[in-house]
Amino acid sequence: MSVDAVLSRIDEIRTRIDALRSEVAGGTTTTTTGSSGAASSTAFADALSSAADDPLSASTSATSAATAAPATSVDAGKGTLATGSGATGADVVADAKKYLGVPYVFGGTTRSGMDCSGLVQTVFKDLGVTMPRVVPDQADMGVPVGSLADAKPGDLIVPKGEQHIVIYLGDGKVLHAPRPGKDVRIVDNWYKDSDIATIRRIVPSEASATPAVSAGGAASSATDLQTAALLSMMRGGAA
């Protein structure tokens, strides 16, 4: 519904409210029931008049509740994606590249030095996702990916024996902290499916698309609901 249509509907509501008030003011009520009904009708007309002046106010709370994002975890967990931070696989790749050139240091988790699992933990920490510290625990996180053919950028590849972990970048490339004497680097993936214990997806590979609700759409919905309520109550009062 366009803005002009909304304004036209509001004018229609006001006209009907004025007519209702005139009927209540001009009518003669002789019974308690009739007086109570007239007072109720007047109060209802006043309330709807206020709503017509501000068509969005009546639906603000409902709209907020409907559009609020559900509470989701930012902690990595077994069998679930950590969606709470809003991070995606592309974010994992971008953040991991910040550590290129950092020297390998066993047990390290900083730019001064880090090992393979320290790199993984630090990257996800940067994105607001809590990950365990060592490879065997990291290998249990997220959801499993069936094969290299199904892997997406940001997934984690853990070889059999769970002594190492690398970040898949896509296009046959991985990023990892190899071993003492080396630094964090990008190399061709040398693992085959037969070499791999598990591939894990910790965060969604892509951002979820949530349709936006425009102010015009909210106004239209609010006005339609108010009009329906008004017509229903007026018909009831007339009966």
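Basis for what follows: all heavy atoms, side chains included, without hydrogens, waters or symmetry-related copies. By convention here, the first residue in the shown sequence is residue 1. Note that the coordinates shown come from a computational prediction; the quantities given were computed from them, not determined experimentally.
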Treating Ile, Leu, Val, Met, Phe, Trp and Tyr as nodes and any side-chain heavy-atom pair under 4.5 angstrom as an edge, say whether [X] and [Y] lie in one connected cluster.
| X | Y | value |
| --- | --- | --- |
| Val120 | Ile157 | no |
| Leu156 | Val93 | yes |
| Val187 | Val184 | no |
| Ile186 | Leu119 | yes |
| Val203 | Leu127 | yes |

Inset, instruction - Test side chain to side chain contact (heavy atoms under 4.5 Å, CB included) on Val134 and Glu162 and set out the steps. - result: CA-CA 10 Å; Val134 296; Glu162 299 185 353; over 6 Å; no
Legend entry - Asp171, CG atom: more than 12 neighbouring heavy atoms under 6.0 Å: no
Keeping the roles fixed (side chain from [X], backbone from [Y]), state whether a donor-acceptor pair exists under 3.5 Å.
| X | Y | result |
| --- | --- | --- |
| Gln138 | Ser117 | yes |
| Asp140 | Asp137 | no |
| Ser205 | Gly89 | no |
| Asp195 | Lys192 | yes |
| Thr198 | Arg200 | no |
| Asn189 | Tyr191 | yes |

Does any non-hydrogen side-chain atom of [Y] lie less than 4.5 Å from one of [X]?
| X | Y | answer |
| --- | --- | --- |
| Ile199 | Leu148 | yes |
| Val158 | Gln163 | no |
| His164 | Val135 | no |
| Phe124 | Val74 | no |

Show the nearest heavy-atom pair for residues [X] and [Y], with the distance to one decimal.
| X | Y | result |
| --- | --- | --- |
| Lys160 | Ser194 | NZ-O, 2.8 Å |
| Ala82 | Pro204 | O-CD, 4.2 Å |
| Met131 | Ile202 | SD-CG2, 3.9 Å |
| Asp150 | Arg201 | O-NH2, 3.1 Å |
| Asp91 | Gly86 | OD2-O, 4.1 Å |
| Ser112 | Pro103 | O-CG, 3.4 Å |

Legend entry - His176 and its ring pair (Phe, Tyr, Trp, His ring centres under 6.0 Å) partner, picked from Tyr168, Tyr104, Trp190: Trp190
Inset, instruction - State whether a side-chain donor-acceptor pair under 3.5 Å links Tyr99 with Asp183. - result: no
Inset, instruction - Would you check, one step at a time, whether the test side chain to side chain contact (heavy atoms under 4.5 Å, CB included) holds for Met114 with Val102? - result: CA-CA 7 Å; Met114 52 181 57; Val102 171; 3.9 Å; yes
Inset, instruction - Supply the atom-to-atom distance Leu175 CG to Leu169 CG, rounded to the nearest 0.5 angstrom. - result: 5.5 Å
Legend entry - Reported CD-to-OG1 distance for the pair Gln121 and Thr109, which is rounded to 0.5 angstrom: 6.5 Å
Inset, instruction - Mind running salt bridge (Lys or Arg N to Asp or Glu O under 4.0 Å) on Asp115 and Arg133 for me, showing each step along the way? - result: CA-CA 10 Å; Asp115 59 15; Arg133 175 63 185 85; 3.2 Å; yes
Legend entry - Test applied, side chain to side chain contact (heavy atoms under 4.5 Å, CB included); reference residue, Ser85; option that passes from Asp75, Val129, Thr130: Val129
Legend entry - Carboxylate-amine/guanidinium proximity below 4.0 Å for Lys152 and Asp155: no
